[in-house]
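Take a look at the structure set out below.
All values below were derived from every heavy atom in this structure, side-chain atoms included, with hydrogens, water molecules and symmetry-related copies excluded. All chains are named by letter (A, B, ...) in the order of the sequence lines, taking the proteins before the strands, and each is independently numbered beginning at 1.
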Amino acid sequence: MTKELDGLTAAEIVARSFPDGIVEVLASSIVIRTDLLAEVARYLHDTPGLSFNYLEGIASVDYIDYFEVVYNLVSLEENHSMVIKVQAYGREKPEVPSVVSIWKTADFQEREEYDLMGIVFTGHPNLKRIMLWEGFPGHPLRKDFLEFDHRNIAPAGD
Amino acid sequence: MNGDIHNFFNIDGAIVSALSGILPAWALVIVAGLIGIIALLVFLVPSQLATIWIERKLIGRFQIRYGPNRVGLFGLLQPLADAVKIVGKESITPAGVDKWVFWLAPIVTFIPALLVYAVIPFGPNLILADLDIGILYLISISSLGVIPVFMAGWSSNNKYALLGAMRSVAQMVSYEIPLVLSIISVVMMTGSLKIGEMVSFQADNLWMFLLQPLALLIFFISASAELNRTPMDIVEGESEIIAGYHTEYSGFKFSMFYVAEYTNVLAVSAILSAVFFGGWLSAPILDLLPAWLWFIAKIYFFFCVFVWIRATLPRMRADQLMGLAWKFLLPLALVNILVTGIEVYMNLHPLLISFINIALAIGLVAGWSELIGNRAVRNERRQYIPVVPVVR
Amino acid sequence: MLEQYGIITLLLVVAIIFPLGGIITSRLLQFLGARPDNPDPVKLDTYECGLETIGATWIRFNFRYYYYALLFVIFDVEAAFLFPWAVYFRQMQLFGLIEMAIFIAILTIGFVYAWKKHALEWV
Amino acid sequence: MYGLGIVKGMYTTLMHLVRPPFTRQYPEEPVPISQRFRGYDFAWVEERCTGCATCAKACPHGVIDIITESLGDNRYAVERFDIDIGLCMVCGLCVEACPYDALFMGIGFELSSDRRWDLVVHKEDIANRGKFSAYYRTPLKEKIADREEITEIYNPSTGQNTPHA
Amino acid sequence: MDTGTAIAFYILAGLTTISAIMVVSLRNIFHSVLFLVLSFAGIAGIYVTLNAEFVAAIQVLIYAGAIVVLMLFAMMLTTNAMTEGNPAGHLRPPAMLTAFLFFITVAYVGVVTPWQPRAASAPTDFSINGIADLLFNVYVLPFEISSVLLLVAMIGAIVLARD
Amino acid sequence: MVAQDSAIKTQPIVINMGPQHPSTHGVFRLRLVLDGETVIDVEPVFGYLHRSKEKLEEERTYLQTLPITDRMDYLSSMTNNLGCSMAIEKLANIPVPERAQYLRVIMAELTRISSHCFAQGMQLQEMGAWATPLMYFIREREKIIDLFEMVSGARLTFNYIRPGGVSQDIPPEFIPACYKFIDEMPGYIDEYEQLLVQNEILRSRTMGVGVLPRDLAINSGASGPVLRASGINWDLRKQDPYLVYDRFDFDVPVGQHGDTYDRFMVRMYEMRESVKIVRQALDQLPPGPVTANLPIVIIPPPGDAYAHIETARGTLGFYMVSDGGANPWRFHVRAPSLINLTALREMIIGHKVADTVVIFGSIDIVLGEVDR
């Protein structure tokens with residue numbers, strides 16, 4: 001059975017190296033400082049005993065005030081899992097550091113969140129739209145994306 | 001030798017002798033030739049339809065489904081319906097093609113396919129042109145088969161077609177050598193290039209597949225590669241390069257490639273049965289049927305074998321296919337030539353030759369494939385149990 | 001003998017007329033209206049899995065394809081020598097056998113060299 | 001030795017050659033259909049329908065169009081009951097949702113049409129067809145019987161299960 | 001040589017010549033290669049009219065089959081030459097000069113040669129057995145040396161192309 | 001002009017494999033750069049089938065989301081329903097009756113068999129086996145679909161597993177039919193192995209082709225048979241047992257080399273293990289209700305929940321955020337097909353064009369799930 005580390009345990013783990021990195025401790029997850037994400041991720045990935053070597057998924061949520069990116073980490077060696085979240089403010093260009101250099105699996109998932117939610121992952125090697133075509137107006141999974149006129153959308157180019 | 005024309009077919013001979021007083025000699029040749037060609041077409045055209053039907057039906061039954069069964073009884077009219085449909089199809093000539101070559105390719109593809117039938121003996125003396133160089137003519141003509149394929153692939157201005165054409169040339173280039181070398185060992189035994197005399201040789205001795213099993217294997221593999229049929233249809237491997245060289249073809253022009261393919265399959269079946277399986281000779285006991293019927297029956301049998309192979313095997317990869325030709329078939333063919341030479345020189349009894357050659361074929365194929373083959377592919381037995389527990 | 005080649009020429013003519021006649025018939029059907037002919041730019045496009053072709057098609061290929069042709073020519077010439085030998089072999093007895101064994105052996109050296117140099121690998 | 005695997009495979013296909021075909025000749029040979037099959041062949045019982053539009057609300061794509069007219073006395077006459085089976089994805093949620101067992105799905109599926117608008121079925125097409133659907137639902141009585149066995153019931157306001165009274 | 005053969009010869013010779021001219025005059029290399037095939041086939045036909053059917057078959061097998069494949073692959077190594085033809089270069093004047101000198105030589109030889117069939121010394125046996133007899137009994141050494149030539153060609157090709 | 005590029009250099013040729021290609025499992029595009037026939041670069045392009053399912057789900061009630069999940073991985077819609085239902089149950093704390101859990105296991109494992117059947121058949125089809133293995137595999141898949149039709153009434157999009165259980169109890173004729181199927185199935189698997197596994201062509205086409213090294217497999221987030229073929233013993237049914245998987249005795253086949261052959265064989269063995277699980281589940285099937293008693297509209301409390309299951313393609317995860325309303329605020333799917341493609345580039349480069357389709361087929365994606 002995968003041991004799901006709850007928020008308190010996770011906070012304790014992260015606080016060992018990043019005492020001021022935790023923004024909020026939730027029941028089953030922690031929110032960490034956005035600018036420290038890459039360092040925290042590297043720490044969680046590399047530290048023996050934690051070795052979160054498997055990034056199961058990246059999800060992002062539009063909470064109107066801010067965007068939240070949820071990372072679901074699993075360690076295949078220790079068989080425990082942990083959820084960390086980061087928050088990105090600003091609707092124009094919400095920025096979150098990319099973790100592609102740590103987990104390659106973040107490549108497509110970050111591109112997907114960029115495409116559909118409009119979160120810019122800084123440091124991503126190839127951040128371009130993945131599902132929709134270049135030139136699509138807006139990011140459809142945002143809550144303020146309501147309707148669009150099909151006639152105004154340029155056909156998909158190559 | 002010149003007399004062969006006059007008695008290659010009884011009716012033909014009768015007509016020709018009836019006309020011999022009236023017409024000049026060259027006209028007699030044309031009349032005799034035309035009658036022969038018509039006889040050949042009478043065999044080929046229905047065979048086209050029959051083979052298409054047999055292939056579809058047989059593959060259907062291999063795949064535990066019915067196959068065509070809507071048009072006519074057992075779907076017998078299906079190929080006819082296909083033919084009617086394909087004549088009525090729109091013929092698209094894409095914008096970027098090299099028009100002349102694009103138009104010529106389906107016409108040219110038919111020439112080698114039909115010309116090889118000139119030297120195939122359907123019975124004793126039942127041959128269109130009994131050339132001295134029989135089998136060499138056949139090989140020469142079939143070596144031209146690559147040109148229309150390349151014409152089609154190159155002129156289409158399509159990358160898949162071009163890849164298919166390149167593959168086709170390379171494949172033909174690779175398999176022509178073992179094909180020729182396997183035939184040479186047969187020629188060494190018979191001492192003649194005439195296919196008719198090869199059959200007569202088999203009547204006096206054993207059938208050639210017993211005398212030259214290794215040559216049969218090499219010829220069979222090479223010929224099916226030259227035919228571009230599974231498992232060697234890399235030229236038109238639809239899951240890789242769409243349809244290969246005829247990707248851009250449609251309508252009647254496409255059907256010419258199709259027809260030429262089946263014509264070629266029949267030709268190869270015919271050569272197989274003539275050179276290795278006694279041609280028009282009947283099986284030892286059953287001597288009732290006429291010779292040409294035996295021959296056609298053998299052709300259809302080998303056609304069914306080709307269908308069976310096509311229904312079973314996955315396609316080989318291009319480089320593996322080339323490797324098979326150069327590294328496996330070519331050395332074996334060379335060894336076979338040397339061994340056959342020694343055997344012929346020592347004038348051994350056919351039964352002894354057959355015995356030695358069968359043993360040699362099995363030994364060489366097994367030994368050589370073990371030697372050069374990828375051992376992992378052959379021998380590795382992999383375990384699929386959790387060996388390394390990841391989770392503590 | 002030439003008569004037989006005359007027949008082959010006839011067969012050649014038939015082999016050209018047959019597909020040509022088919023294509024012309026098919027063309028005639030188009031004029032009669034039995035066969036559609038509605039070209040449009042999209043239909044006449046080169047097939048590239050539904051996209052426009054990227055880059056040129058007629059480009060320079062890998063030169064290793066050239067090995068194959070060279071090796072093929074050499075072995076084809078060898079085969080051309082082998083045919084008369086195979087027919088005439090019985091008259092020559094041991095001398096012929098040795099003669100051809102040397103011939104093949106010399107070419108086998110080249111073959112082994114090509115093998116060792118990985119010239120037989122397809123790219 | 002190389003080739004034995006190929007020979008085995010060839011043998012397998014040869015053995016399949018003599019097996020009877022597995023496919024069915026569809027239009028002549030009827031396909032056996034499960035009694036629960038959800039087809040487009042809707043059936044609607046006019047007497048039972050109260051026009052509550054629960055089905056329309058349950059439909060994920062909103063393909064059911066209901067217009068009712070008040071008859072007074074808290075009763076409604078269904079004026080229009082259209083189902084666009086061209087958009088319907090046969091999930092069956094409408095049938096499950098109906099509290100009065102008035103809507104069913106039949107096992108018919110051969111309802112293709114040349115025009116999109118022909119795919120909208122009206123209440124006249126599906127009303128009182130006499131052949132009720134085979135789509136399986138627990139009859140109402142059994143549902144009630146089930147409910148008595150249940151000791152806990154889910155309380156959405158608290159998100160907890162509470163003992164069932 | 002009877003009339004039929006003569007007619008066949010002139011048709012084939014015309015075909016061969018015209019194809020050969022097309023080979024050098026066409027700008028598209030692939031078209032040139034196709035005419036080269038036709039030209040080879042015409043030559044094979046001429047061999048047939050000379051009763052040399054074995055040579056004809058070898059002509060088709062080696063030239064129309066193998067050499068053309070070599071040409072095709074060589075063609076695939078070129079780039080825009082395929083559609084645009086060869087670009088004019090600074091080698092044009094010497095090439096023209098060489099061609100002109102060659103033409104002069106051939107023309108001179110053609111004019112000077114007494115065109116009399118020397119029936120006595122010409123080989124008469126064109127059958128395979130005759131060729132084999134000459135090749136394997138009379139010209140044994142050239143035959144064996146040809147294998148060395150082939151070997152050198154093979155190794156040379158590999159060495160050259162590998163670099 | 002003359003002799004300036006006399007060196008014989010190969011020009012790379014750019015080829016689109018897809019979106020309209022006979023072997024791309026839907027509308028998928030691989031932009032290949034070839035040197036001769038060797039792939040020197042590859043870029044997967046997708047999104048042609050994007051239907052914005054996550055957005056669609058946000059506008060529907062929790063029950064209405066299920067028919068839409070059917071259409072994601074349309075070859076195994078039962079497991080999509082299962083994953084979605086489990087996330088909703090986790091979000092709203094819905095208990096699941098035991099009989100329903102067993103039924104879910106049976107359906108999930110039958111789905112795994114049918115999905116693997118299709119994957120194997122298509123894999124052989126892409127190797128050019130001219131549909132014969134595909135027809136044999138589809139024969140089995142059809143039998144499973146008949147079973148599914150018996151319980152759910154549909155043949156492709158079942159909408160059977162629901163939050164709180166399953167939509168309805170199995171009909172009485174299901175159990176004998178299912179027993180009959182699982183009795184026959186091992187024999188058919190033997191037949192497939194006889195047809196394929198020792199076939200030299202298949203072995204040489206797959207062995208050592210498309211190797212996904214162990215570390216890259218973990219790092220690129222591969223899951224399911226792709227991960228296990230690379231030698232990682234990670235199966236959520238064992239490592240994080242959901243439903244009642246911990247009550248069954250089964251093995252997880254794990255490869256060692258991570259090549260296409262291992263992926264092929266892992267699926268082959270998984271079918272056998274699934275048959276074992278179905279048999280045990282049928283033997284132990286308890287009586288009782290099959291669904292929790294739920295209101296028509298499920299309104300979970302605010303919060304988020306993530307549930308993951310092991311489908312035929314890998315780890316399918318559903319992340320749901322509720323704002324306390326009747327519709328999910330956010331509905332995210334961790335699609336195994338999409339994430340297994342991450343390492344595709346590394347697997348393909350250096351191989352031949354013909355290997356591309358084989359490697360691609362061995363990942364076994366469904367475009368409905370990649371693009372959603």
Side-chain angles (χ1 to χ4, degrees), chain B residues 55 59-65 158-160 162-164 166-167 170 229-234 236-243 247 307-324 369 373-391, chain F residues 13-17 20-23 34 36-37 124-136 139 195-196 199-209 214 228-229 231-235 238-239 251-257 261-262 265-266 268-269 352-358 361:
Chain B
E55 168 142 50
I59 280 198
R61 298 297 290 110
F62 274 122
Q63 297 173 352
I64 48 173
R65 56 185 174 85
N158 179 311
K159 287 167 186 167
Y160 311 106
L162 193 67
L163 270 182
M166 295 299 284
R167 283 179 174 191
R229 286 172 69 84
T230 347
M232 311 191 171
D233 59 341
I234 57 164
E236 41 194 295
E238 76 284 341
S239 62
E240 300 154 20
I241 49 170
I242 321 292
T247 301
V307 174
W308 180 22
I309 290 172
R310 185 179 188 179
T312 308
L313 297 180
R315 181 183 307 125
M316 293 173 80
R317 208 168 62 206
D319 57 330
Q320 293 167 347
L321 206 55
M322 309 299 167
L324 180 70
S369 59
N374 186 346
R375 293 220 185 128
V377 166
R378 179 61 224 134
N379 297 322
E380 194 174 350
R381 292 275 177 274
R382 292 189 179 176
Q383 295 292 313
Y384 291 94
I385 48 167
V387 183
V388 196
V390 174
V391 181
Chain F
I13 183 166
V14 182
I15 276 201
N16 281 313
M17 199 170 261
Q20 295 291 328
H21 188 276
S23 64
L34 304 180
E37 290 231 351
L124 265 296
Q125 175 81 345
E126 271 147 30
M127 257 178 244
W130 232 78
T132 306
L134 180 66
M135 286 301 291
Y136 294 176
R139 172 186 59 187
L195 173 64
L196 300 169
N199 190 324
E200 281 83 3
I201 298 179
L202 181 131
R203 288 169 76 103
S204 58
R205 284 293 303 270
T206 52
M207 281 184 165
V209 170
R214 195 188 138 90
R228 287 193 286 279
I232 299 129
N233 184 8
W234 182 262
D235 188 325
K238 281 278 190 205
Q239 316 303 349
D251 291 325
V252 177
V254 173
Q256 291 165 42
H257 300 74
Y261 185 74
D262 273 358
M265 290 306 289
V266 162
M268 215 69 160
Y269 279 89
K352 304 278 186 285
V353 186
D355 290 329
T356 310
V357 286
V358 175

Please name the pair of heavy atoms, one in [X] and one in [Y], separated by the smallest distance, quoted to 0.1 Å.
X	Y	value
F/Tyr136	B/Phe62	OH-O, 2.5 Å
B/Arg315	F/Arg205	O-NH1, 2.7 Å
F/Val14	B/Lys159	O-NZ, 2.6 Å
B/Pro314	F/Asn199	CD-ND2, 3.7 Å

Working to the nearest 0.5 Å, report the span between [atom1] of [X] and [atom2] of [Y].
X	Y	atom1	atom2	value
F/Ile201	B/Thr312	CD1	OG1	10.0 Å
B/Gln320	F/Lys352	CD	NZ	9.5 Å
B/Leu163	F/Ile15	CG	CD1	4.5 Å

(request) Identify which part of B/Ala311 has an atom lying under 4.5 Å from any heavy atom of chain F, answering side chain, backbone, both or neither. (result)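 B/Ala311 touches chain F through backbone and side-chain heavy atoms alike.
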(message) At a heavy-atom distance under 4.5 Å, which candidate from F/Pro133, F/Gly208, F/Ala354 has the highest pair count against chain B?
(response)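 When all of F/Pro133, F/Gly208, F/Ala354 are compared, F/Ala354 has the most.
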(request) For chain B, find which of F/Met17, F/Arg139, F/Met127, F/Met268 contributes the most heavy-atom pairs closer than 4.5 angstrom. (result)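 Most heavy-atom pairs under 4.5 Å with chain B: F/Met127.
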(request) Go through the atoms of F/Leu195 and report whether side chain, backbone, both or neither lie under 4.5 Å from a heavy atom of chain B. (result)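 The answer is the side chain of F/Leu195.
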(message) B/Gln63: which residues meet the side-chain contact (heavy atoms from CB on, under 4.5 Å) condition with it, sequence neighbours left out?
(response)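 side-chain contact (heavy atoms from CB on, under 4.5 Å) list for B/Gln63, sorted by chain: B/Ile59, B/Arg65, F/Trp130, F/Ala131, F/Thr132, F/Met135.
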(message) For a side-chain contact (heavy atoms from CB on, under 4.5 Å) check, start with the C-alpha distance between B/Arg317 and F/Val358, then their side-chain angles and the critical distance, and finish with the verdict.
(response) CA-CA 11 Å; B/Arg317 208 168 62 206; F/Val358 175; over 6 Å; no
